[in-house]
Every structure is written in structure tokens, then in C-alpha cells.
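Take a look at the structure below.
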Amino acid sequence: MSVRILEGKVFAAQIKQSVKVEVEKIKATQRMNPGLAVIIVGENPASKVYVANKHKACEELGIYSEVISLPESISKEELLAQIISLNENPAIHGILLQLPLPEALKNEEAELLKAIHPDKDVDGFHPVNVGKLAIGQEHLVPCTPAGCIKMLELANVEIAGKHAVIIGRSNIVGKPMANLLLARHATVTICHSRTADLSSITRQADILIVAIGKAQFVTADMVKPGAVVIDVGINRLPDKKLVGDVDFEQVKEVAGAITPVPGGVGLLTIAMLLSNTVKAATLLHVKK
Ligand code: NAD
């Protein structure tokens with residue numbers, strides 16, 4: 001059986017195309033431009049690259065984008081004031097606080113994320129949006145798991161009735177992923193660092209989602225023949241090569257479909273951020 005390689009660029013292009021159509025429709029019918037504000041605190045080089053990529057992607061699709069660069073020395077109060085002013089700014093429909101925050105603000109992360117209005121929370125991290133997702137009222141959903149689901153749907157992978165196993169229980173990937181799959185009628189198992197006999201569970205998966213942060217952790221013997229394997233992990237090997245949490249070369253010999261790293265679901269994360277921004281703009285306009 002030949003494996004299907006799920007190329008992120010193909011699906012990201014499809015999502016961006018439909019976002020572009022939506023943006024044009026909003027501009028024509030509602031006479032407004034969806035707007036995204038990204039706040040970046042400090043000088044983290046990786047964060048700077050991510051933020052620049054988000055800004056560029058917005059420009060490509062005609063979304064207004066503002067990058068607010070703040071010094072590492074900023075206080076929690078000043079940052080809160082910045083967020084509140086964006087909540088009240090009618091030109092901004094989506095607000096994203098780029099993580100990680102500098103060390104001095106790490107403990108304030110939850111409070112800062114909660115200050116973003118849930119209707120502008122395009123990262124989907126606000127407790128209101130987390131709760132809505134958990135009770136099956138999807139509003140603004142975290143971009144990476146939303147991208148994984150979108151990829152499965154665009155690739156016509158059947159989800160209902162399938163056994164989906166997720167390795168990783170983080171708030172940004174594992175847990176929202178579980179809720180999204182459950183809402184689409186999969187039977188869901190979440191595994192994590194304390195799971196006993198991990199392989200015996202992963203071998204039952206029709207759909208295996210891996211979000212651990214450990215290079216090439218999932219090997220061929222952990223995968224059921226024909227399974228769909230989605231690799232969320234991004235890891236750098238000592239020789240600087242970028243790899244996922246799945247041993248791609250081994251697992252592609254067993255899987256029915258697999259995402260590569262780089263070039264897999266990572267490309268859908270930004271596409272879903274743009275999609276969330278347009279969704280927020282539409283919902284906020286309806287509420288007015
Ligand atoms: P995290 O560190 O918050 O969580 C990792 C999870 O893996 C934990 O729940 C832990 O229990 C589990 N885990 C760790 N060791 C394990 C083991 N030996 N067996 C089973 N489970 C184990 O990580 P995260 O933020 O969810 O990110 C996971 C990976 O996904 C990272 O590589 C990260 O870089 C990547 N990521 C990619 C994107 C993207 O846009 N593609 C977005 C977010 C995260």
C-alpha cells in the first residue's frame with residue numbers, strides 16, 4: 001500500500017484562498033477591513049520571525065495588521081493597558097499576545113491572556129473560548145489543532161467512529177485537539193508522559209496525532225498499518241536539521257497517510273490564524 005503524504009502547503013493554500021474570498025466579501029459588503037494586532041514583548045529571535053511571518057501573511061490576503069513591539073522591561077499593568085486599548089479599538093478584530101513572554105512576565109501569562117476580549121481572542125486561549133470548545137460550542141479555536149482538523153477534513157479523512165489517539169495533553173495542542181475530534185464523533189484517547197504501555201494504545205489508532213516535543217519519538221512499531229499520522233512536533237537535531245515527533249522515514253512505510261516536518265501541519269497554523277481573524281471580524285460586525 002502506498003502512503004499518502006499530506007503536504008501542508010496544499011491545504012494551507014486552500015484555506016488562504018477561502019480566507020481571501022471572505023476578506024474581499026467583508027470589504028465589499030461591510031465596508032471594513034479585518035484587522036489583527038500582534039503584541040510581541042522582548043527580543044526573542046524565534047518569536048520575531050513568527051510575528052514577521054504573521055504580518056506578511058496578513059498583507060498577502062488584504063488583512064490589516066499591526067505589530068506592537070514592546071520592551072522586555074514593560075510592566076504587567078502597562079501590558080494590560082495595551083490589551084484593553086486594543087479590545088476597544090474598532091479597527092482591530094483579532095489580538096494575539098506572542099508567547100513565550102519574557103521571564104519576568106511568565107507568571108502573569110494567564111492573567112494577560114484573560115484580558116484579551118474573548119471575541120478578539122484569535123489564539124483561542126481565553127478560558128471562555130476553552131470552555132466553549134469543551135461544551136461543543138466552537139468559537140475561536142486554537143490555531144494548531146484547528147489546522148490539524150482542517151487538514152483531516154480537506155483530505156477527506158473520515159473521523160466519525162474512528163479511534164483517534166493523541167499523544168500530548170497541552171492546553172494549546174493536545175486538549176483542544178481532543179475536543180475537536182470528539183465533536184466530530186471520533187472515539188478519543190489522550191496519552192501523555194505518565195501513560196503506561198503507550199505503544200499498545202497508539203497501535204489501536206486509526207488517526208494518531210503526535211504533539212510531544214521529542215524528536216522522532218514515534219517509531220513504526222507504534223503505528224497501526226494504514227493509520228493516518230499527524231505530526232505536530234517541531235524539533236531541531238544537533239546537526240540543525242528540523243524533524244517532527246514522528247520518525248517519518250520509518251513510519252511512512254506503515255502509515256496510510258502522514259504529514260512531513262517541515263512542510264506539514266505547521267503551515268496550517270498561520271492559515272488558521274488568518275481564518276480566525278476573519279471569523280472574529282464577521283462575528284463582531286454581526287454583534288454591533
Ligand atoms: P508541551 O511541552 O506543552 O506538551 C508536551 C506533551 O507531551 C505533554 O502533555 C506531555 O505529557 C507529553 N509527553 C512528553 N513526553 C512524553 C512521553 N515520553 N510519552 C508520552 N507523552 C509525552 O508541548 P506542546 O506545546 O503541546 O507542543 C508539542 C510539540 O508541538 C512541540 O514540538 C512544539 O514545538 C510543537 N508545536 C507545533 C506547533 C505548530 O505550529 N506546528 C504549534 C504548537 C506546538
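Numbers for residues simply follow the sequence, beginning at 1. Values reported hereafter were calculated over all heavy atoms of this structure, with side chains retained and with hydrogens, waters and symmetry mates removed. Start at 1 and go down the list; that is how both ligands and their atoms are numbered.
- In this structure, NZ in Lys27 is found 8.5 Å from CD1 in Ile63, a value given to the nearest 0.5 Å.
- Heavy atoms of Asn171 found under 4.0 angstrom from ligand 1: none, in either backbone or side chain.
- Only the side chain of Lys214 comes within contact range of ligand 1, with a heavy atom under 4.0 Å; no backbone atom does.
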Enumerate donor-acceptor pairs with a distance under 3.5 Å from any side-chain N or O in residues 262-275 to protein atoms, sequence neighbours excluded.
from: Thr269; atom 1: OG1; to: Thr144; atom 2: OG1; distance (Å): 3.1

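- For Val232, the heavy-atom gap to ligand 1 drops under 4.0 angstrom.
- Within the structure, the closest approach of Ala211 to ligand 1 falls below 4.0 Å when heavy atoms are considered.
- At distances below 3.5 Å, at least one donor-acceptor pair connects side-chain atoms of Gln250 with backbone N or O atoms of Ala220.
- Only the side chain of Ile167 comes within contact range of ligand 1, with a heavy atom under 4.0 Å; no backbone atom does.
- The N/O atoms of Val173, backbone and side chain alike, include none that comes under 3.5 Å of an N/O atom in ligand 1.
- Here the CG-CG distance, from Asp123 to Asn276, works out to 8.5 Å after rounding to the nearest 0.5 Å.
- Taking a cut-off of under 4.0 Å to the non-hydrogen atoms of Gly213, the atoms of ligand 1 that pass are 28 (C), 29 (C), 31 (C), 32 (O).
- From the protein, the heavy atom lying nearest to atom 24 (P) of ligand 1 is Ser170 OG, 3.7 Å.
- Less than 4.0 angstrom separates some heavy atom of Phe217 from each of these atoms of ligand 1: 17 (C), 18 (N), 19 (N).
- With a 4.5 Å cut-off between side-chain heavy atoms of Ile, Leu, Val, Met, Phe, Trp and Tyr, the cluster of Leu237 takes in Val243.
- Residue Gly266 approaches ligand 1 through these ligand atoms, each under 4.0 Å from one of its heavy atoms: 41 (N).
- Close approach of ligand 1 to Thr269 (heavy-atom distance below 4.0 Å) involves ligand atoms 39 (C), 40 (O).
- Among the atoms of Asp245, none of the N or O lies under 3.5 angstrom from an N or O of ligand 1.
- You'll find the side chain of Leu152 reaches within 4.5 Å of the side chain of Leu181, heavy atoms only.
- Ser69 places no side-chain N or O within donor-acceptor distance of the main-chain N or O of Ile40, the cut-off being under 3.5 Å.
- Contacts between Thr144 and ligand 1 below 4.0 angstrom, taking non-hydrogen atoms only, involve the side chain exclusively.
- With Gln82 contributing its side chain and Glu78 its backbone, the two residues share no donor-acceptor pair below 3.5 Å.
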